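Before any comments, here is the structure.
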Amino acid sequence: RYLHPAAQMLDLPFPPFCAFLGALGLTCVALSGAWCQRWRGGFSWDGDARTFNWHPVLMVTGMVVLYGAAALVYRLPSSWRGPKLPWKVLHGSLALLAFVLTVLGLAAVFRFHNRQGTPNMYSLHSWLGLVTVLLFSCQWAAGFGAFLLPWAPSWLRAFYKPIHVFFGSTILLLSVASCVSGINEKLFFSL
C-alpha cells in the first residue's frame, strides 16, 4: 500500500527525541524560575507578591513539563517487548507528581489573591486553567481506576483507552494554552 510522504509518520529515534524534550522542559522550568527570581522579586509563602511567583513556576513544572513527560513515557518505542506495568506506574507517578505541584501552584495564587483582596477567577486564564486542572483530576482518577487497579475488566480498558489518549492530549494542549494566556496576562498587568 502506498502512503504519500506527507501522511507518513516522521521516524525519529526515541531516546534522542526524549532527551531533547527533557532538555526543553528543564529549560522552560529554569527560565520561568529565573524570571520570577530575578525580575519578579523571588519567592515566599507569606501571601505577598512573591507568593504569587510560585504559581507560574509550579504550573509550568507540573502541568506542562511533568504532564508532558508522563504522556511521552507511555509512548513506548515499538521495539519494546517487556512488561508494561513499570511504564504504567511511571506514567501514573509522573502524573500524580504533576497533580501535587499543580495543587501547590493553585494554592499559591489563591493565597496571594485572598491576602491582597483580589477576586479569584476573574479572567479567561483563570477559567481555562481551572477547567484544565479539573479535567486533569478526572483523567488521573479514571486512568488509575481503569489501568492500574487489577479489578478493571479488559472490555472497560479497551473502551476507555482511546478516550484516555484523546483527553490526555487535549489536557496537555489546554495546559500550554493556560500557560501562554497566564504569561500574557501577567505581562499585560505588569506593563
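Only heavy atoms go into these numbers, but all of them, side chains included; no hydrogens, no water, no symmetry mates. Everything quoted here is computed from the prediction, not taken from an experiment.
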ask   = For the residue pair L128 and S178, what are the closest heavy atoms and their distance?
value = CG-OG, 3.4 Å

request  = With the side chain counted from C-beta on, respond yes when P153 and L156 share a heavy-atom pair under 4.5 Å apart, and no when they do not.
outcome  = yes

message = Test side chain to side chain contact (heavy atoms under 4.5 Å, CB included) on T51 and R115; report intermediate values, then the result.
response = CA-CA 10 Å; T51 301; R115 176 91 184 267; over 6 Å; no

ask   = By side-chain hydrogen bond (donor to acceptor under 3.5 Å, both in side chains), which residues pair with H125, not counting sequence neighbours?
value = S181

ask   = Any side-chain heavy atom of V29 sitting closer than 4.5 Å to one from V64?
value = no

task = Could you tell me which non-hydrogen atom of L101 sits nearest to which non-hydrogen atom of G62, and how far apart they are?
result = CB-CA, 4.2 Å

message = Are F147 and H91 an aromatic pair, judged by ring center distance below 6.0 Å?
response = no

inquiry  = I want to check something: taking the side chain as every heavy atom from C-beta on, are S93 and L97 in contact at a cut-off of under 4.5 Å?
reply    = no

Q116 side-chain N/O to G47 backbone N/O, donor-acceptor pair under 3.5 Å = yes

key: Verdict with reasoning, L135 to T170, per side chain to side chain contact (heavy atoms under 4.5 Å, CB included)   = CA-CA 9 Å; L135 283 172; T170 303; 5.6 Å; no

ask   = With a 4.5 Å heavy-atom cut-off, do W54 and M59 have their side chains touching?
value = no

Distance-minimising heavy-atom pair for D48 and D46 = OD1-OD1, 2.8 Å

Same apolar cluster: I171 and V103, side chain cutoff 4.5 Å = yes

Within 45° cone and under 6.0 Å: K88 NZ/CZ vs F144 ring = no

note = In terms of heavy-atom contacts, G145 and A152 come closest through O-CB, 3.6 Å

request  = Quick one: list whatever passes side-chain hydrogen bond (donor to acceptor under 3.5 Å, both in side chains) with R111, sequence neighbours left out.
outcome  = none

inquiry  = Does Y160 have more than 12 heavy atoms from other residues, nucleotides or ligands lying within 6.0 Å of its OH?
reply    = yes

task = Calculate, to the nearest 0.5 Å, the distance between atoms OG and CD belonging to S32 and Q37 respectively.
result = 12.0 Å

task = Go through L58 and T102 one step at a time and tell me if the side chain to side chain contact (heavy atoms under 4.5 Å, CB included) criterion holds.
result = CA-CA 6 Å; L58 291 173; T102 299; over 6 Å; no

key: CG on L149 to CZ on R157, rounded to 0.5 Å   = 8.5 Å

ask   = If you measure from CZ on F167 to NE2 on H164, what distance do you get to the nearest 0.5 Å?
value = 11.5 Å

inquiry  = To the closest 0.5 Å, what do you measure between NZ (K84) and CG (L90)?
reply    = 14.0 Å

Contact summary for G25 and V65, nearest pair of heavy atoms = O-CG2, 3.5 Å

query = Is it true that a side-chain atom of T118 and a backbone atom of N114 form a donor plus acceptor pair closer than 3.5 Å?
reply = no

key: Derivation and outcome, side chain to side chain donor-acceptor pair (under 3.5 Å), residues S126 and S123   = CA-CA 5 Å; S126 306; S123 67; 3.0 Å; yes

task = Establish whether L134 and L106 are linked, either directly or via other cluster members, by ILVMFWY side-chain heavy-atom contacts under 4.5 Å.
result = yes

key: From CA spacing to verdict: side chain to side chain contact (heavy atoms under 4.5 Å, CB included), F17, L72   = CA-CA 10 Å; F17 184 67; L72 185 65; 4.3 Å; yes

ask   = If you measure from CH2 on W39 to CG on N53, what distance do you get to the nearest 0.5 Å?
value = 13.0 Å

key: Flag side-chain contact, heavy atom, 4.5 Å: R50 against F43   = no

query = Any side-chain heavy-atom pair from R40 and V57 closer than 4.5 angstrom?
reply = no

inquiry  = Please give me the minimum heavy-atom distance between A98 and Y67, naming the atom from each residue.
reply    = CB-N, 4.0 Å

query = Counting only heavy atoms not in Y122, do more than 12 sit closer than 6.0 Å to its OH atom?
reply = yes

ask   = Do W140 and F99 come within less than 4.5 Å of each other through their side chains, counting heavy atoms only?
value = no

Pairwise side-chain contact, W35 with P56, heavy-atom cut-off 4.5 Å (strictly under) = yes

ask   = Are the aromatic rings of F52 and H55 close, with centres under 6.0 Å apart?
value = yes

ask   = Any chance CH2 of W45 has more than 12 other-residue heavy atoms, nucleotides or ligands included, within less than 6.0 Å?
value = yes

